Amino acid sequence: MTSPLSRADKFCQRFDLRVPILLAPMAGACPASLAIAVAKAGGMGSAGALLMSPAAIAKWMQEFRSSSNGAVQLNLWIPDPPPKRDPAHEAKVREFLGRFGPPVPESAGDGTPPDFAAQCEALLEAGPAVVSSIMGLYPPDFVSRLKARGIAWFATATTTTEALAAEAAGADVIVAQGAEAGGHRGAFDPAEAERRAVGLFALLPAIVDAVRVPVVAAGGIGDGRGVAAALALGASAAQIGTAFLRCPEAKTPPAWADALAKTKPEDTVISRAFSGRPGRSIATEYARAALSPETPAPAPYPVQRGLTAAMREAATKENDVQRMQAWAGQSAALARAEPAEEVVARIWDEARKLLA
Ligand SMILES: Cc1cc2nc3c(=O)[nH]c(=O)nc-3n(C[C@H](O)[C@H](O)[C@H](O)COP(=O)(O)O)c2cc1C
């Protein structure tokens, strides 16, 4: 049996890393400064490009490369079919949201995400070491083009069935996302995202046993103990999101960053309240009210994202975490307000000692 440290070492050699720690792609929350710092420490930087135009993707990559020649991952969501609109129900949601932020105009839900095909072209053009996916699988022709350019595909999976489908579609690495994870759940079928919320301790060894490709662990990993446990359970590396959000390079709004330090595992909640897709956030006043049985159910993705935009923007401007889109994993309190380079070094030092 391969030892956890030699498995991690093999992964590091393959992906040109000194440390088997990956910054999780976090749409809207991973400025190039954070990726640069993580890469400088020997880990892998990343960008969640969901909301970026092709020009913004190119600009982000240029900024990263101007300060780092380290490894980097660019990430996209696989699009859902267009949502079914229900104007009468949306009116009720708009009225509810108006109690937490500015009045929500009727057109607020009409926005569409950037064009996926154009974003895919921008990823190829940017040429990172790794392109990753969440919420499904890339189309076969895009996978062939990635491979032709020597770009590895890391596919996020929240179940063993999804992991097997990703491996069969050509994924080079599976990212096993446990239900502890902050931000959106990567379930391929959003209707099943809450029912199939599997914790990382059960998910990781099951995926490791099911697939032949390396597996990266994500969800609730916030210190060396988490990384050591993930490697012991068969992972080749750990992908960490929330634990980087208090780093100065993350530029997280202060009220959100401060709240993470006080967020116990039971103080986060999975809801569709912000975007229409299930995601884990701090159980703020808004998130709790949105989950109340009397509240109209959120509109589907991405309509709900549009409907909540005004409230989220006002909350960020006013630094009010109770109405902010304050994503957080269950290990949020492990996040420290330290430079990202120190976070990577501290976590890996601790993990290595535990595994030695
Ligand atoms: C603020 C935030 C935004 C996220 N956005 C994305 C994203 O765009 N794409 C993606 O694959 N995962 C996204 N995630 C999930 C992370 O990639 C990862 O699975 C998660 O952060 C791991 O759990 P942890 O936060 O407990 O470390 C996001 C997570 C957070 C906290």
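Along the sequence shown, residues carry numbers from 1. No hydrogens, no waters, no symmetry mates; every other heavy atom, side chains included, goes into these values. Read the numbers this way: they start at 1 and go in the same order the structure lists the ligands and their atoms. Because the structure is a prediction, the values reported are computed rather than measured.
A centroid separation of 6.0 Å or more is found between the aromatic rings of F116 and F142.
Any N or O atom pair closer than 3.5 Å counts here, and W256 shares no such pair with ligand 1. Not one N or O of A243 is nearer than 3.5 Å to an N or O of ligand 1, by distance alone. Any N or O atom pair closer than 3.5 Å counts here, and L245 shares no such pair with ligand 1.
For the salt bridge (charged side-chain N to carboxylate O under 4.0 Å, His left out) test with E194, the passing option among R280, R272, R185 is R272; the others fail.
The protein heavy atom nearest to atom 29 (C) of ligand 1 is G182 O, 3.2 Å. At the shortest separation from atom 1 (C) of ligand 1 among protein heavy atoms lies W327 CD1, 3.5 Å. The single protein non-hydrogen atom nearest to atom 12 (N) of ligand 1 is P25 O, 3.3 Å, given as residue, atom name and distance. Remark: minimum distance from atom 21 (O) of ligand 1 to any protein heavy atom is reached at G241 CA, 3.5 Å.
Residue N75 has at least one heavy-atom neighbour below 4.0 Å for each of these atoms of ligand 1: 7 (C), 8 (O), 9 (N), 10 (C), 11 (O). Atoms of ligand 1 lying under 4.0 Å from any heavy atom of A24, numbered from 1 in the order shown and given with element: 16 (C), 17 (O), 18 (C), 21 (O). For ligand 1, the atoms lying closer than 4.0 Å to a non-hydrogen atom of Q177 are 15 (C), 19 (O). Close approach to A27 involves these atoms of ligand 1, each under 4.0 Å from a residue heavy atom: 3 (C), 4 (C), 5 (N), 6 (C), 7 (C), 8 (O). In summary, the atoms of ligand 1 found under 4.0 Å from a heavy atom of I134, numbered by their order in the structure, are 9 (N), 10 (C), 11 (O), 12 (N). Under a 4.0 Å criterion applied to the non-hydrogen atoms of G329, ligand 1 contributes the atoms 26 (O).
By the criterion of a heavy-atom distance under 4.0 Å, both the backbone and the side chain of T242 are placed next to ligand 1. Contacts with ligand 1 closer than 4.0 Å are made by heavy atoms of both the backbone and the side chain of M26.
In this structure, E125 places its CD atom where only 12 or fewer heavy-atom neighbours from other residues, nucleotides or ligands lie under 6.0 Å away. No more than 12 heavy-atom neighbours from other residues, nucleotides or ligands sit within 6.0 angstrom of CG on D16. Within 6.0 Å of atom CG in N69, 12 or fewer heavy atoms from other residues, nucleotides or ligands are found, so the atom counts as exposed in its surroundings.
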- Task: List the steps and the verdict of side-chain hydrogen bond (donor to acceptor under 3.5 Å, both in side chains) for T156 and Q177.
- Result: CA-CA 7 Å; T156 306; Q177 189 200 41; over 6 Å; no

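Ring geometry for F64 against W60 counts as parallel: the plane angle stays under 30°, on a 0 to 90° scale with 60° as the upper cut.
The ring pair (Phe, Tyr, Trp, His ring centres under 6.0 Å) check on F100 picks up F96, Y286, with sequence neighbours excluded.
Ligand 1 has G220 within reach: a non-hydrogen atom of the residue lies less than 4.0 Å from it.
Side chains of E162 and T158: a donor on one and an acceptor on the other come within 3.5 Å.
Residue G48 comes nearest to C30 through the heavy atom pair N-SG, 3.2 Å, listed as atom of the first residue, atom of the second, then distance.
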